[in-house]
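All remarks here apply to the structure that follows.
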Amino acid sequence: MIKPLKVVIIGGVAGGMSAATRLRRLKEDAQIIVFEMGQHVSYANCGLPYFVSNVISNRDELLLQTPESLWSRFRIDVRVQTMVTSIAPESRSVTVKNLVSGEESTESYDKLVISTGAKPRRLNIPGIERALTLRNVLDADAVKAAVETASLKSAAIIGAGFIGVELAENLSQMGIETTLIHRGASALSMFDAEMIEPMQSALEENGIKLRLLAEPVSVTSTEVVLASGERVSAGLVFSAAGVEPDNALAAAAGLEIGSTGGLKVDHQQRTSDPNIFAAGDAVEKHGMLGGNHALVPLANLANRHGRQAADAIAGIQVESRGALGTAIVGAFGFAAALTGLTEKAAIAQGLPHSVIHLHPGSHAGYFPGAKRISLKVLFDPTTGKLLGAQANGFDGVDKRIDVLSTAIYAGLTVDDLMDLELAYAPQFGSAKDAVNQAGYVGNNAFSGMTPTVQWYDLAKALESGAQLIDVRTATEFAAGSIPGAINIDVNELRGNLERVADANVIVHCAVGQRGHVATQILRGFGKEVRNLDGGYATWLAGTSAIQRTSS
């Protein structure tokens with residue numbers, strides 16, 4: 001009789017439980033044991049900020065599975081409040097400690113899956129022990145208890161990543177004066193500056209105070225003290241200064257750690273030990289574009305890679321595709337999303353790239369409720385292959401970034417976006433959807449039909465003698481303009497050619513569309529002209545982001 005496969009999984013939640021349940025579906029006779037050091041093995045950690053403010057009022061809704069439900073349906077032996085203290089690869093065993101009784105024991109395995117996740121990065125400053133973190137349900141209980149204190153009037157959040165921004169929104173909506181303290185030049189610094197500036201404005205418009213390029217040096221009983229000398233009032237202090245892989249257990253067992261600090265795995269989620277697999281936030285991901293490894297702590301990747309580890313253990317030939325890092329964050333109804341490479345990532349990796357910006361409507365403009373979406377798309381200047389995209393706005397951001405993520409995954413080019421058939425009714429989109437429009441704008445740039453200049457290159461171009469022509473209406477021009485621009489309405493351009501230089505001309509409108517028309521008109525008359533990519537809206541967002549930290 002063949003001995004059933006015995007698989008031990010360290011850690012639950014997304015990666016560990018995806019591996020466990022998938023493996024059960026593949027191997028009914030396998031013995032599957034999950035060790036989870038916390039009280040809960042499967043919970044919605046992305047929902048924790050919303051539990052704090054009672055947007056999610058029922059705590060039980062966060063608990064997706066229990067040891068009892070997992071045994072009943074899957075016959076998975078889940079042992080909570082049990083910590084694995086060491087791994088012995090040579091004997092294929094782990095040492096475990098029951099955190100309630102203190103009892104220690106040893107458990108053998110045929111295959112091991114490590115899904116220890118990521119832990120909050122703790123700052124080494126005096127008084128930081130007062131700061132709360134938000135990793136699990138018990139952390140959420142502690143934060144919720146703190147914010148429900150009647151005397152709490154103010155809160156300081158150190159770190160303006162996804163968790164920091166989401167928590168800031170929830171605290172502010174509870175009437176708590178909230179300050180986001182961030183050492184970077186912009187909140188949500190994974191985005192390019194001009195693409196996250198509207199989110200920063202939305203935060204401030206809703207009462208959130210931003211302190212950028214700010215270094216906390218100490219935490220007192222009532223304040224967070226910054227290196228600048230400013231003292232931020234803080235009845236509650238929350239540390240959201242990022243996360244780091246929780247892989248000390250793997251490192252102590254001699255497993256290879258990657259250059260990012262994450263546990264290194266191959267395309268089957270196998271570690272440097274052939275009998276040990278890993279998934280989730282403790283593992284470094286292979287970038288789909290550029291080939292770089294990165295830490296990408298996202299739930300969808302943890303679920304996918306946990307499933308793939310189970311497939312590999314069961315003998316199914318699988319190969320993990322690279323990660324695009326597709327993500328979205330929302331606050332006060334405003335959303336920002338990204339997928340693939342940002343411009344600063346492409347620059348850091350030395351990858352050639354072209355950039356377009358556009359600002360289409362979320363749906364048909366004649367149907368009530370249409371709002372602007374801002375899109376940024378990167379593509380290879382030689383092949384047109386899509387490299388990355390970012391989007392922001394109040395409506396339809398998720399739909400567009402998901403389509404663009406799928407297009408990047410499929411290896412499509414910017415020209416291919418013109419031909420995508422996307423669902424259309426006036427309340428949902430436009431006959432020329434925002435994604436299609438990205439294809440049209442991208443094709444104009446890729447083909448050379450509309451030469452462009454980026455917002456961050458404009459000042460240098462003007463210094464070198466370029467003529468800047470604003471082709472918006474006189475009313476728009478009077479409401480706000482780029483210094484040095486002259487105003488000639490696009491509809492009056494042909495009658496004012498004598499005012500236009502023959503070479504080194506840059507035109508712009510509000511979002512780029514009329515600038516494209518003006519470019520073609522002037523090129524038709526032999527002028528050397530470029531269009532300011534994304535128009536005044538992109539220039540304003542980018543320069544506003546810079547001004548935040550230069551004053």
Side-chain angles (χ1 to χ4, degrees), residues 4-48 51 56 58-87 92-119 134-142 144 246 249-250 269 276-282 299-300 302-311 313-314:
L5 182 72
K6 182 177 182 181
V7 179
V8 168
I9 298 173
I10 306 173
V13 200
M17 294 318 303
S18 291
T21 53
R22 172 65 173 174
L23 188 60
R24 171 57 72 223
R25 289 190 287 269
L26 296 173
K27 284 190 168 295
E28 179 61 28
D29 63 341
Q31 182 183 2
I32 305 171
I33 303 174
V34 178
F35 293 115
E36 166 58 48
M37 64 184 297
Q39 292 185 10
H40 306 99
V41 70
S42 181
Y43 55 88
N45 50 1
C46 296
L48 297 180
F51 171 66
I56 299 172
N58 186 351
R59 184 178 185 270
D60 289 343
E61 291 179 354
L62 297 172
L63 306 177
L64 307 179
Q65 295 283 356
T66 65
E68 293 76 20
S69 66
L70 288 164
W71 176 258
S72 176
R73 178 167 296 181
F74 296 106
R75 289 300 187 267
I76 295 172
D77 181 1
V78 176
R79 306 177 193 180
V80 295
Q81 293 184 276
T82 305
M83 181 173 67
V84 175
T85 57
S86 66
I87 302 170
R92 295 194 198 179
S93 65
V94 296
T95 302
V96 299
K97 181 178 181 179
N98 185 302
L99 297 179
V100 177
S101 67
E103 180 183 352
E104 292 190 344
S105 60
T106 300
E107 194 75 50
S108 64
Y109 63 82
D110 296 314
K111 302 294 180 182
L112 180 70
V113 179
I114 298 174
S115 182
T116 45
K119 58 184 178 182
L134 194 58
R135 185 186 187 189
N136 54 42
V137 177
L138 293 183
D139 290 342
D141 289 337
K144 187 177 180 70
D246 191 356
L249 193 63
Q269 300 303 124
I276 301 178
F277 297 75
D281 296 349
N300 51 7
N303 278 298
R304 185 210 309 175
H305 292 156
R307 175 189 175 97
Q308 289 174 334
D311 284 351
I313 290 171

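Remember, predicted model here, so these are calculated numbers, not experimental data. For this chain, numbers begin at 1 and follow the sequence in order.
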Rounded to the nearest 0.5 Å, the CD1 atom of I32 sits from the CZ atom of F74 at a distance of 9.5 Å
Nearest heavy-atom approach of A14 to A302 is CB-CB, 3.8 Å
Rounding to 0.5 Å, atoms NZ (K97) and CE (M83) come to a distance of 6.0 Å
CD (E104) and CG (N98) are apart, to the nearest 0.5 Å, by 10.5 Å
I want to check something: taking the side chain as every heavy atom from C-beta on, are E107 and F35 in contact at a cut-off of under 4.5 Å?
yes
Next item on the list: For side chain to side chain donor-acceptor pair (under 3.5 Å), just list the numbers for S86 and T95, CA-CA rounded to whole Å, side-chain angles, deciding distance to a tenth of an Å, and then say yes or no.
Entry: CA-CA 5 Å; S86 66; T95 302; 3.2 Å; yes
Here the gap from L62 atom CG to L48 atom CG, rounded to the nearest 0.5 Å, amounts to 6.0 Å
Tightest non-hydrogen contact, residues T116 and A282, listed as OG1-CB, 3.6 Å
Are V41 and L70 packed together at the side-chain level, in the sense that at least one heavy-atom pair is separated by less than 4.5 angstrom? yes
Check: Any donor and acceptor pair, going by atom type alone, linking the side chain of T21 with main-chain N or O of M17 inside 3.5 Å?
Finding: yes
Test log, rule side-chain contact (heavy atoms from CB on, under 4.5 Å), inputs Q39 and V137
CA-CA 9 Å; Q39 292 185 10; V137 177; over 6 Å; no
Backbone N or O of G15 within a donor-acceptor pair of the S18 side chain at under 3.5 Å?
-> no
Discussion item. A side-chain contact here means heavy atoms from C-beta on lying under 4.5 Å apart; do V8 and V113 qualify?
Written reply: no
Heavy-atom nearest pair, I114 first then A250, reads CD1-CB, 4.1 Å
Do I33 and I9 have side chains that approach each other closer than 4.5 Å (heavy atoms only, starting at C-beta)? no
Q | Working for side-chain contact (heavy atoms from CB on, under 4.5 Å), residues R79 and V34 | A | CA-CA 6 Å; R79 306 177 193 180; V34 178; over 6 Å; no
Margin query: Taking the basic N atoms (NZ, or NE/NH1/NH2) and the acidic carboxylate oxygens, is any pair closer than 4.0 Å for R59 and D141?
Written below: yes
Please step through side-chain contact (heavy atoms from CB on, under 4.5 Å) for the pair I276 and I87, ending with a clear verdict. CA-CA 10 Å; I276 301 178; I87 302 170; 4.3 Å; yes
field: Donor-acceptor contact below 3.5 Å, side chain S115 vs main chain G16
entry: yes
Check this for me: does any side-chain nitrogen of one of R135 and D246 sit under 4.0 Å from a carboxylate oxygen of the other?
yes
Practice problem: Verify, without hydrogens or angle tests, whether Q65 (side chain) and S42 (backbone) share a donor-acceptor contact under 3.5 angstrom. | Solution: no
| query | For the side chain of K27 and the backbone of A314, is there at least one donor-acceptor N/O pair under 3.5 Å apart? | reply | no
Output for pair (Q81 CD, L99 CG), nearest 0.5 Å, gives 6.5 Å
ask   = So, K6 and S108: side-chain donor and acceptor under 3.5 Å apart, yes or no?
value = yes
Rounding to 0.5 Å, atoms CG (D311) and CG (L23) come to a distance of 9.0 Å
Heavy atoms, side chains only, cut-off 4.5 Å: are L112 and I10 in contact? yes
message: Run V13 and N45 through side-chain contact (heavy atoms from CB on, under 4.5 Å) and show every step you take.
response: CA-CA 8 Å; V13 200; N45 50 1; 4.2 Å; yes
ask   = Are R75 and E28 close enough for a salt bridge, meaning some N to O gap below 4.0 Å?
value = no
State, yes or no, whether a side-chain contact exists between Y109 and V94 at a heavy-atom distance under 4.5 Å.
yes
Task: Cation-pi check, K111 onto F277 ring (under 6.0 Å, within 45° of axis) - done: no
